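Working notes, structure below.
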Amino acid sequence: MKRILLIEDEKNLSRFIELELQHESFSVGTASNGQDGLQLAMKEHWDLILLDRMLPGIDGLEVCRQIRAHSRTPIIMITAKDRIADRVEGLDSGADDYIPKPFAIEELLARIRVVFRRLEDQEVDPPFAQLAFKDLSINLDARIVKKGSAEIELTKREYALLVALMENRNRVLSREMLLNKVWGYDAVVDMNVVDGYVRYLRKKIDTPDQESYIQTLRGIGYVMRK
């Protein structure tokens with residue numbers, strides 16, 4: 001059961017929202033001023049916070065800022081202030097959404113569902129972009145290179161060189177092509193630099209006494225192929 005904290009000083013409105021949320025099978029906690037609301041927000045786990053902007057004690061903007069400094073719990077701000085500047089201020093303070101009073105309870109419930117759907121989407125990690133060759137793998141999103149389960153530390157150039165070769169598996173790349181891909185077309189770099197970095201890379205990824213992952217075609221270039 002998802003837990004929602006309602007921080008609202010209007011007793012009738014607070015009670016109405018509480019009953020509607022309970023009817024929707026949410027567990028609800030309430031506070032009627034900023035200080036109590038902030039303490040509850042920081043002390044317990046909540047799936048969502050409904051926060052009135054104009055509160056006695058600590059106002060809603062400050063409550064929102066302090067919560068956001070320590071937690072990513074979604075916050076929907078509820079307020080009678082409906083100017084664009086007020087909405088921007090509320091969102092800039094860390095609120096995820098902003099609903100002006102008076103509002104229909106159906107709209108509030110719909111906004112709550114949107115927040116929870118967004119969270120569910122974020123929890124499903126998209127498949128990361130990956131390159132693989134034999135037992136070498138590269139997680140392109142995290143820039144992690146592994147040989148089997150062991151992570152390999154590469155410099156920026158070594159990493160770019162390995163990516164270029166693995167992206168073009170079974171395709172021979174000349175030194176000039178590798179130079180352009182790794183150093184850029186405008187780089188003033190000698191062709192021999194490519195050979196040097198291939199040597200550095202081999203020392204880190206190859207297994208002694210076994211065939212190198214990177215094959216040399218004399219006078220042509222380099223290739224990774226089975």
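All values reported here derive from a predicted model rather than from experimental measurement.
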Open item on the list: Grouping I, L, V, M, F, W and Y whenever their side-chain heavy atoms are under 4.5 Å apart, do Leu5 and Leu109 come out in a common cluster?
Closed with: no

Task: Results of side chain to side chain donor-acceptor pair (under 3.5 Å) for Tyr213 - residues two or more places apart only - done: Asp135

Open item on the list: Measuring from atom CD1 of Ile112 to atom CG of Leu21, what distance do you get when rounded to the nearest 0.5 angstrom?
Closed with: 5.0 Å

Open item on the list: For the residue pair Lys2 / Ser25, report whether a side-chain donor-acceptor contact shorter than 3.5 Å exists.
Closed with: no

Task: Heavy-atom side-chain contact between Leu162 and Ile138 under 4.5 Å - done: yes

Open item on the list: Do Ile78 and Leu38 land in one hydrophobic cluster if side-chain heavy atoms of ILVMFWY residues count as linked below 4.5 Å?
Closed with: no

TODO: Measure from the side-chain N and O atoms of Arg169 to the backbone N and O of Met166, and report whether any donor-acceptor pair falls under 3.5 Å.
DONE: yes

Task: Same cluster (ILVMFWY, side-chain, under 4.5 Å), Phe16 and Val28 - done: yes

Task: Point-to-point distance, once rounded to the nearest 0.5 Å, from OG1 of Thr216 to OH of Tyr222 - done: 5.0 Å

Task: Inter-residue atom distance Asp9.CG - Asp36.CG, 0.5 Å rounding - done: 12.0 Å

Open item on the list: Could you report the tightest heavy-atom contact between Arg53 and Asp86, atom names first, then the distance?
Closed with: NH1-O, 3.0 Å

TODO: Output all residues satisfying salt bridge (charged side-chain N to carboxylate O under 4.0 Å, His left out) with Arg65, sequence neighbours left out; order by chain, then residue number.
DONE: Glu62

Task: Whether Asp52 side chain and Leu55 backbone form a donor-acceptor pair below 3.5 Å - done: no

Open item on the list: Are Ile67 and Leu48 connected into the same hydrophobic cluster when the rule is that any two of I, L, V, M, F, W, Y join if their side-chain heavy atoms are below 4.5 Å apart?
Closed with: no

Task: Check: Trp46 side chain, Leu40 main-chain N or O, donor-acceptor pair, under 3.5 Å - done: yes

Task: Within 6.0 Å of CD in Glu151, more than 12 heavy atoms from elsewhere - done: yes

Task: Hydrophobic cluster identity match, Leu108 and Phe26, side-chain contacts under 4.5 Å - done: yes

Task: Residue list, side chain to side chain donor-acceptor pair (under 3.5 Å) with Glu106, at least two apart or on another chain - done: none

Open item on the list: Could you measure the distance from the CD1 atom of Ile7 to the CD atom of Gln35? Nearest 0.5 Å is fine.
Closed with: 12.0 Å

Task: Minimum heavy-atom distance Val115-Pro74, with the two atoms named - done: CG1-CB, 3.4 Å

Task: Residues that Arg68 engages under salt bridge (charged side-chain N to carboxylate O under 4.0 Å, His left out), provided they are two or more places apart - done: Asp96

Task: Pairwise side-chain contact, Lys11 with Arg15, heavy-atom cut-off 4.5 Å (strictly under) - done: no

TODO: Under 4.5 Å between side-chain heavy atoms, chaining through other members, with only Ile, Leu, Val, Met, Phe, Trp and Tyr counted: pull out the rest of the cluster around Met54, sorted by chain and number.
DONE: none

Task: Nearest non-hydrogen partners of Gly90 and Met77, listed with the distance - done: CA-SD, 3.9 Å

- [ ] Measure across Gly94 and Cys64 and return the closest heavy-atom pair with its distance rounded to 0.1 Å.
- [x] C-SG, 3.6 Å

Task: Atom pair CD/CD1 of Glu24 and Ile105 - distance to nearest 0.5 Å - done: 8.5 Å

- [ ] Run the numbers on Lys101 and Glu10 for salt bridge (Lys or Arg N to Asp or Glu O under 4.0 Å), then give the verdict.
- [x] CA-CA 12 Å; Lys101 298 176 183 178; Glu10 293 182 38; 2.9 Å; yes

TODO: Side-chain contact test, heavy atoms from C-beta onward, threshold under 4.5 Å: evaluate it for Glu89 versus Leu61 and give yes or no.
DONE: yes

What pairs of donor and acceptor atoms, side-chain ones from residues 154-161 against any protein atom, are under 3.5 angstrom apart with sequence neighbours left out?
{"residue": "Thr155", "atom": "OG1", "partner": "Glu158", "partner atom": "N", "Å": "3.2"}
{"residue": "Thr155", "atom": "OG1", "partner": "Glu158", "partner atom": "OE1", "Å": "3.4"}
{"residue": "Arg157", "atom": "NH1", "partner": "Val182", "partner atom": "O", "Å": "3.0"}
{"residue": "Glu158", "atom": "OE1", "partner": "Thr155", "partner atom": "N", "Å": "2.9"}
{"residue": "Glu158", "atom": "OE1", "partner": "Lys204", "partner atom": "NZ", "Å": "2.8"}

Task: For Val172, the rest of its hydrophobic cluster, which grows through side-chain links under 4.5 angstrom - done: Leu217, Ile220, Val223

- [ ] Specify the closest pair of heavy atoms between Ser137 and Gln130, including all atoms of both residues, with the distance to one decimal.
- [x] CB-NE2, 3.9 Å

Open item on the list: If hydrophobic residues (ILVMFWY) are linked whenever their side-chain heavy atoms come closer than 4.5 Å, directly or via other members, who joins Val88 in its cluster?
Closed with: Ile84

Open item on the list: Quick check against the 3.5 Å criterion: does Ser174 have a side-chain atom that pairs as donor or acceptor with the backbone of Met177?
Closed with: yes

Open item on the list: Does this structure show an ion pair linking Lys181 with Glu167, if we count only N-O contacts that are shorter than 4.0 Å?
Closed with: no

TODO: With sequence neighbours excluded, tell me which residues meet salt bridge (charged side-chain N to carboxylate O under 4.0 Å, His left out) with Glu44.
DONE: Arg3

Open item on the list: Enumerate the salt bridge (Lys or Arg N to Asp or Glu O under 4.0 Å) contacts for residues 205-225, please, sequence neighbours excluded, ordered by first and then second residue.
Closed with: none

Task: Residues forming a ring pair (Phe, Tyr, Trp, His ring centres under 6.0 Å) with Phe103, sequence neighbours excluded - done: none

Open item on the list: Tell me if a side-chain donor or acceptor on Asp141 pairs with a main-chain N or O of Ala129 at a distance below 3.5 Å.
Closed with: yes

Task: Minimum heavy-atom distance between Asn33 and Pro56, given as atom pair plus value - done: CB-O, 3.6 Å

- [ ] Check whether any side-chain heavy atom of Pro100 lies under 4.5 Å from a side-chain heavy atom of Arg87, and answer yes or no.
- [x] yes

TODO: Report, as yes or no, whether the 6.0 Å neighbourhood of atom NZ on Lys134 holds more than 12 heavy atoms from other residues, nucleotides or ligands.
DONE: yes

Task: Stepwise side-chain contact (heavy atoms from CB on, under 4.5 Å) check, Lys146 with Leu136 - done: CA-CA 6 Å; Lys146 287 186 176 183; Leu136 286 178; over 6 Å; no

- [ ] With sequence neighbours excluded, tell me which residues meet salt bridge (charged side-chain N to carboxylate O under 4.0 Å, His left out) with Asp97.
- [x] Arg111

Open item on the list: How long is the straight-line distance from CD1 of Ile49 back to CD1 of Ile4, given to the nearest 0.5 Å?
Closed with: 10.5 Å

TODO: Could you point out which residue of Leu13, Leu51, Leu50 forms a side chain to side chain contact (heavy atoms under 4.5 Å, CB included) with Leu6?
DONE: Leu50

Task: Atom CG of Asn170: over 12 foreign heavy atoms under 6.0 Å - done: yes

